[in-house]
Amino acid sequence: SGRGHHIEYVSSAVRMEHAPPPALPEVCFIGRSNVGKSSLIRALFSLAPEVEVRVSKTPGHTKKMNFFKVGKYFTLVDMPGYGYRAPQDFVEMVEAYLQERHNLKRTFLLVDGVVGLQKTDHIAVEMLEEFGIPYVMVLTKIDRASRGLLLKNVLEIQEFVKENTQGCFPQLFLVSSVEFSGVHLLRCFVAHVTGNLPTVEAC
């Protein structure tokens, strides 16, 4: 964030007609209610502490789609959590968004690094696959998992992606919102998929 490049909260919506116009490339973050979605978004915006991303100790705090504008470059959307304490109209809200938002460049599916893939995550994967939405898996809370447990979950997810997905980016991102591990790399990838960071070919 800086002069001429403001990162700001734009608006919240529970229906697509309330969403801001799809003028910029967009990415959205989805995941289970207690996966640490808002904490990760706050970590991504850590260089802009004036941006308020509400993080609650109570799972399922995000009940609406929250839109954040990153300068003139792209929009980031914090989606309501699924599973435990999901909003009643979660399915209608999220399905409509994924199917209708033509400026959506990539969906980031957050998975808890301590517990790995859960049934509700499988349902989210099936939805993304059915709609043909390109997505990326992000393993959160890696600071809370032992190395052995983390390795087990990473290998299981990689095997699952290889065997069961078409639209999932093969690279798994490992992040910690507490220690900021992997946050810079994820920032770069978000900038890349929104067309704001051209890749440099290795010599």
Side-chain angles (χ1 to χ4, degrees), residues 1-13 19-20 23-82 97 101 103-115 121 134-147 150 153-154 157 169 171-200:
S1 190
R3 288 179 66 188
H5 179 66
H6 291 292
I7 298 175
E8 57 188 340
Y9 164 77
V10 180
S11 64
S12 298
L24 295 171
E26 205 156 88
V27 294
C28 78
F29 282 62
I30 67 171
R32 288 191 306 121
S33 294
N34 56 349
V35 78
K37 196 159 31 64
S38 299
S39 296
L40 176 57
I41 292 171
R42 189 161 69 173
L44 288 168
F45 290 162
S46 63
L47 300 175
E50 71 280 3
V51 181
E52 186 184 358
V53 182
R54 290 179 185 166
V55 178
S56 173
K57 290 178 182 174
T58 310
H61 184 69
T62 306
K63 299 292 187 189
K64 301 174 181 178
M65 301 178 282
N66 296 317
F67 293 79
F68 297 90
K69 191 176 170 190
V70 181
K72 304 167 189 167
Y73 301 101
F74 65 92
T75 305
L76 185 150
V77 189
D78 182 7
M79 302 294 280
Y82 53 76
Y97 172 84
R101 204 69 172 168
N103 58 327
L104 179 63
K105 299 299 180 187
R106 200 66 54 109
T107 295
F108 290 82
L109 175 59
L110 276 51
V111 177
D112 192 316
V114 179
V115 299
D121 298 319
Y135 62 103
V136 182
M137 283 203 199
V138 179
L139 207 59
T140 63
K141 304 182 185 178
I142 62 168
D143 53 288
R144 295 191 189 177
S146 67
R147 288 187 179 184
L150 195 57
N153 287 336
V154 166
I157 291 170
F169 186 70
Q171 175 69 54
L172 179 65
F173 286 83
L174 277 65
V175 297
S176 163
S177 305
V178 176
E179 298 174 350
F180 286 87
S181 315
V183 170
H184 179 65
L185 186 62
L186 186 57
R187 269 193 202 126
C188 291
F189 188 74
V190 170
H192 170 59
V193 295
T194 54
N196 294 298
L197 184 71
T199 49
V200 179

request  = Taking the side chain as every heavy atom from C-beta outward, state whether Gln171 and Phe189 have any pair of such atoms under 4.5 Å apart.
outcome  = no

ask   = Under 3.5 Å, side chain of Arg187 to main-chain N/O of Leu44, donor-acceptor pair present?
value = yes

request  = Looking only at non-hydrogen atoms, find the nearest pair between Thr107 and Leu104 and report the distance.
outcome  = OG1-CD2, 3.5 Å

ask   = How many angstroms lie between atom CD1 of Ile41 and atom CE of Met79, to the nearest 0.5 angstrom?
value = 10.5 Å

task = Using a 4.5 Å cut-off on heavy atoms from C-beta on, say whether the side chain of Phe45 contacts that of Leu76.
result = yes

key: Arg32-Thr140 side chain donor-acceptor pair, cut-off 3.5 Å   = no

Partners meeting salt bridge (Lys or Arg N to Asp or Glu O under 4.0 Å) with Arg101 (sequence neighbours left out) = Glu26

message = Test side chain to side chain contact (heavy atoms under 4.5 Å, CB included) on Tyr97 and Val77; report intermediate values, then the result.
response = CA-CA 10 Å; Tyr97 172 84; Val77 189; 3.5 Å; yes

note = Nearest heavy-atom contact between Leu110 and Lys37 is CD2-CA, 3.6 Å

ask   = What heavy-atom pair brings Ala13 and Ala19 nearest, and what distance separates the two atoms?
value = CB-N, 3.8 Å

message = Counting C-beta onward and ignoring hydrogens, is there a side-chain heavy-atom pair between Val193 and Phe74 closer than 4.5 Å?
response = no

task = Identify, with sequence neighbours excluded, every residue that meets side chain to side chain contact (heavy atoms under 4.5 Å, CB included) alongside Glu8.
result = Lys69

message = A side-chain contact here means heavy atoms from C-beta on lying under 4.5 Å apart; do Ser176 and Lys141 qualify?
response = no

ask   = Looking at residues at least two apart in the chain, or sitting in another chain, which of them share a ring-ring contact (aromatic ring centres under 6.0 Å, His included) with Tyr9?
value = Phe68

ask   = Quick one: side chain to side chain contact (heavy atoms under 4.5 Å, CB included) partners of Tyr73, sequence neighbours excluded?
value = His5, Asn196

Atom pair CG (Leu47) and CD1 (Ile7), whose distance is rounded to the nearest 0.5 Å = 7.5 Å

Tell me which donor-acceptor pairs under 3.5 Å the side chains of residues 177-186 have, and how far apart each pair is, sequence neighbours excluded?
{"unit_1": "Ser177", "atom_1": "OG", "unit_2": "Leu40", "atom_2": "N", "d": "3.3"}

inquiry  = Applying side-chain hydrogen bond (donor to acceptor under 3.5 Å, both in side chains), can you list everything that pairs with Arg144, at least two apart in sequence or on another chain?
reply    = none

task = Taking side chain to side chain contact (heavy atoms under 4.5 Å, CB included) as the test, write out the residues that go with Lys105, two or more places apart.
result = Pro25

key: Listed partners of Phe67 passing ring-ring contact (aromatic ring centres under 6.0 Å, His included), at least two apart   = none

key: Partners meeting ring-ring contact (aromatic ring centres under 6.0 Å, His included) with Tyr135 (sequence neighbours left out)   = none

Ala23 to Asn103 - nearest heavy-atom pair and separation = N-ND2, 4.3 Å

request  = Go through the structure and list residues passing side-chain hydrogen bond (donor to acceptor under 3.5 Å, both in side chains) with Asn153, not counting sequence neighbours.
outcome  = none

query = Just wondering, do Leu139 and Leu150 contact through their side chains at under 4.5 Å, heavy atoms?
reply = yes

key: Flag, side chain of Ser33 to backbone of Tyr82, donor-acceptor distance under 3.5 Å   = yes

key: Audit row: Phe173, Phe108, ring pair (Phe, Tyr, Trp, His ring centres under 6.0 Å) steps and yes/no   = CA-CA 10 Å; Phe173 286 83; Phe108 290 82; 7.2 Å; no

